[in-house]
Peer 1: 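Got a structure here, written out as structure tokens. Questions coming.
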Amino acid sequence: MVLKNMNNNVILLVDDEKNIINSISRLLIEKNFYMLTAQNGMEALELIKHNNVDIVISDQRMPGMTGLELMGRIKKKNPSIIRVLLTAYSDKDVMLKAINQGEVYRFLIKPWDENELLETIKQGLKKRNDRFQEINSVQYQLSRSNIDTVMALAEAIELKDPYTKGHCSRVKGYSLAMARLINLPKDLFRDLMYGSLLHDCGKIGIKEEILLSNGSLSEKDKAIMQQHSVLGFKITNKIENLKKASLFIRQHHERWDGKGYPDSLAGEKTHICSRILSIADSFDAMTSDRPYRKGMGTEKAKQILVKEKGGQFDPYLVDIFIKYLEEKASGAATSMPDSDFKYHQSNILIVDDERLVIQALSRMLFGENYYILSAANGHDALEVIKNNNVDLVISDQKMPGMSGLEFLKKAREISPKTIRIMLTAHLDINEAMDLINEAGIYKFIQKPWDEEEIKSTIENGLEWQQMYSYVNFSHEG
């Protein structure tokens, strides 16, 4: 069935029980919704291919493909579709996965309440319409699922080569700074950001003994290593919203004089974003420690950049980057909104009525370029948020006076861009549903926490927030 040229909203109902499909369909048709139905996940995906579906309501327990698996596939292909999961089971693992991966908009428990179902649909449609009004057709391509794809690939790079930790983020900062100084067209900022973060993703396909070698490589191994830019291109070119960035990834080791790889392109035959990325990548590589050498100082690296003007690097862009570094050193740099992300100190608010928890988290995050704020209850924490630019908040759930859920809901109203993380020792099914449906949390972490997990969660949450902030900035006006 294909529905075309409709003004009414389209709802796809997925359930292997016909009596449930018939019952919900009757209710929604009476409310003037167009209904599509499927009895399994594959049928649902086929219908979505050929119809403009607004909301999918799916059962969780179905043969072949679970509701959550279906939601994940819809999220990747059609992130704008509102996803509602209908289940008769209090499944803790499903709840946690849905919270942490953002697969669903709402949970509804069988037997459903008709008024609650209609209100969920009403709110979901409002959310969808508001989203389209807020983000124009170009910006909408930067949906959360696409950012998650980028972050997942960037994390995979660092797992493959631990010596490059932080490299991609720094290259991103340098690249966007140069882009701002040369007034790069705004529609390229997003692609440059993606390309910067993923420029080394092809290293996933390089053997560890070559990637982590402490000495000079043989000609054969060097040729294998040089394939990482082609491998990165192949990985990212398959993802619709990374196609333009994939070109920058392929070209970031080309040279101005045509002696680079993989295609020996000279001068302006490479994209300007590729040339920006080449300088940012080389500078950070020179100034960073590697297993086979210590990083050099900024001044020496600048001298090498100048020496390679017209050789390895675009002469004009070298001058721009040197200007940026000198302004940065003098504190006069204005090439980024507020500050570039490499130097941004994030404000983290920890909310817990147990002082030992606050102290433990503060010690763990000490030295990570975070400024730690704390509060012992929700009321005090809201005052902190009102009077400070809080980037990320970590809140306990069980607190006297105001629960973590109540606090995070109010925090969301005051500062919707603040990343919200919930810490709790217990998971209650109703609380978990409310966390998804009302508080809009970024991640859910159970006590006792794993130190590496919470650090990576904070780092990724802040990265996600900064990328959204930067893209909104680059598309303003």
Side-chain angles (χ1 to χ4, degrees), residues 3 8-48 51-62 65-132 143-145 409 429-441 444:
L3 302 175
N8 295 58
N9 296 113
V10 178
I11 297 178
L12 171 58
L13 179 61
V14 191
D15 201 302
D16 59 320
E17 297 183 41
K18 286 188 177 181
N19 62 321
I20 290 179
I21 286 180
N22 292 336
S23 178
I24 295 179
S25 294
R26 282 195 300 269
L27 171 66
L28 298 183
I29 288 172
E30 289 177 1
K31 301 297 182 181
N32 295 320
F33 291 110
Y34 278 94
M35 293 298 302
L36 295 172
T37 63
Q39 290 187 290
N40 57 64
M42 294 308 297
E43 285 183 15
L45 292 173
E46 192 63 28
L47 285 169
I48 288 171
N51 296 276
N52 295 319
V53 175
D54 296 290
I55 295 182
V56 173
I57 302 172
S58 175
D59 187 28
Q60 164 60 7
R61 299 297 178 95
M62 298 184 294
M65 183 188 302
T66 67
L68 193 57
E69 289 171 337
L70 172 62
M71 297 302 186
R73 293 181 67 169
I74 294 173
K75 175 186 171 185
K76 289 180 180 178
K77 294 290 185 181
N78 304 82
S80 66
I81 294 176
I82 299 299
R83 303 174 296 278
V84 177
L85 194 64
L86 190 64
T87 179
Y89 299 87
S90 300
D91 192 323
K92 175 180 175 180
D93 292 336
V94 170
M95 301 295 292
L96 282 172
K97 187 174 181 181
I99 294 170
N100 288 342
Q101 296 186 7
E103 305 289 4
V104 300
Y105 169 66
R106 289 284 193 274
F107 274 100
L108 292 176
I109 298 294
K110 294 180 180 179
W112 62 90
D113 177 89
E114 290 188 354
N115 290 328
E116 182 183 6
L117 175 60
L118 291 171
E119 183 62 23
T120 295
I121 292 171
K122 177 182 175 182
Q123 292 178 6
L125 290 172
K126 182 179 185 303
K127 177 184 176 70
R128 179 174 165 85
N129 292 335
D130 288 347
R131 183 184 297 159
F132 278 113
S143 64
R144 178 171 174 176
S145 65
K409 285 168 60 178
I429 187 73
N430 294 319
E431 289 177 346
M433 287 177 62
D434 288 339
L435 287 166
I436 301 170
N437 296 342
E438 300 178 39
I441 67 168
F444 186 101

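We use all heavy atoms of the structure for the numbers below, so side chains are in, but hydrogens, waters and symmetry mates are not.
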Peer 1: Sub-3.5 Å donor-acceptor pair from the side chain of Arg83 to the main-chain atoms of Ile81, do we have one?
Peer 2: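 The answer is yes, because a donor-acceptor pair under 3.5 Å joins these two groups.
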Peer 1: NZ of Lys31 to CG of Leu117: how many Å apart, nearest 0.5 Å?
Peer 2: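 These two atoms lie 11.0 Å from each other.
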Peer 1: What residue pairs, at least two apart or across chains, pass salt bridge (Lys or Arg N to Asp or Glu O under 4.0 Å) with a residue in residues 10-20?
Peer 2: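 Sorted pair list: Asp15-Lys110.
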Peer 1: On a heavy-atom basis, which atom in Gln60 and which in Leu68 lie closest, and how many Å separate them?
Peer 2: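 Heavy-atom minimum between the residues: OE1-N, 2.9 Å.
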Peer 1: Which residue is it: Leu45, Leu13, Ile82, Ile48? I am looking for the one with a side-chain contact (heavy atoms from CB on, under 4.5 Å) to Val56.
Peer 2: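 Exactly one pass, corresponding to Ile48.
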Peer 1: Drop me the distance from Asn9's CG to Leu125's CG, to the nearest 0.5 angstrom.
Peer 2: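 Nearest 0.5 Å value for the CG-CG distance: 4.5 Å.
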Peer 1: For the OG atom of Ser58 and the CG atom of Leu85, what is their distance to the nearest 0.5 Å?
Peer 2: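 Reported to 0.5 Å precision, the distance equals 6.0 Å.
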Peer 1: Could you work out, with salt bridge (Lys or Arg N to Asp or Glu O under 4.0 Å) as the rule, every residue matching Glu114, not counting sequence neighbours?
Peer 2: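 Checked Glu114 against salt bridge (Lys or Arg N to Asp or Glu O under 4.0 Å); zero matches.
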Peer 1: Over all heavy atoms of both residues, which pair between Ala38 and Ala44 is shortest? Give the atoms and the distance, please.
Peer 2: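 Closest approach of Ala38 to Ala44, heavy atoms only: CB-N, 3.6 Å.
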Peer 1: Any chance you could measure Ile55, atom CD1, to Leu36, atom CG, to the nearest 0.5 Å?
Peer 2: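 With rounding to 0.5 Å, CD1 (Ile55) is 12.5 Å from CG (Leu36).
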Peer 1: Do Ile20 and Trp112 have side chains that get closer than 4.5 Å, going by heavy atoms?
Peer 2: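 The answer is yes, as the side chains (C-beta and beyond) meet within the 4.5 Å cut-off.
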Peer 1: Side chain of Asp54, backbone of Ile11: donor and acceptor closer than 3.5 Å?
Peer 2: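 No, the answer is negative, given that no donor and acceptor are paired below the 3.5 Å cut-off.
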Peer 1: Any heavy-atom pair between the side chains of Val14 and Leu47 that's under 4.5 Å?
Peer 2: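 When only atoms from C-beta onward are counted, Val14 and Leu47 do not touch, as no gap falls below 4.5 Å.
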Peer 1: With rounding to the nearest 0.5 angstrom, report the CG to CD1 distance, Asp59 to Ile21.
Peer 2: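 With rounding to 0.5 Å, CG (Asp59) is 9.5 Å from CD1 (Ile21).
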Peer 1: Set out, in order, the CA-CA distance, both residues' side-chain angles and the distance that settles side chain to side chain contact (heavy atoms under 4.5 Å, CB included) for Arg73 and Glu69, then state yes or no.
Peer 2: CA-CA 6 Å; Arg73 293 181 67 169; Glu69 289 171 337; 5.7 Å; no
Peer 1: Restricting to side chain to side chain contact (heavy atoms under 4.5 Å, CB included), what partner residues turn up for Thr120, sequence neighbours left out?
Peer 2: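 Testing Thr120 for side chain to side chain contact (heavy atoms under 4.5 Å, CB included), a comparison that skips the adjacent residues, returns Val84, Arg106, Leu108, Glu116.
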Peer 1: Going through the checks in order, is the side chain to side chain contact (heavy atoms under 4.5 Å, CB included) test met by Met65 and Leu70?
Peer 2: CA-CA 7 Å; Met65 183 188 302; Leu70 172 62; 3.9 Å; yes
Peer 1: To the nearest 0.5 Å, how far apart are CG in Leu118 and CD in Glu30?
Peer 2: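 Going from the CG atom of Leu118 to the CD atom of Glu30 covers 9.5 Å.
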Peer 1: Please check: side-chain N/O of Ser23 versus main-chain N/O of Asn19, any donor-acceptor pairing under 3.5 Å?
Peer 2: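 Side chain of Ser23 to backbone of Asn19: no pair is present.
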Peer 1: Hey, are Gln39 and Glu43 close enough side-chain-wise for a donor-acceptor pair under 3.5 Å?
Peer 2: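 Distance-only check fails for Glu43 and Gln39.
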Peer 1: Is a side-chain N or O of Asn51 found less than 3.5 angstrom from the main chain of Val53, in a donor-acceptor match?
Peer 2: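 Answer holds: no.
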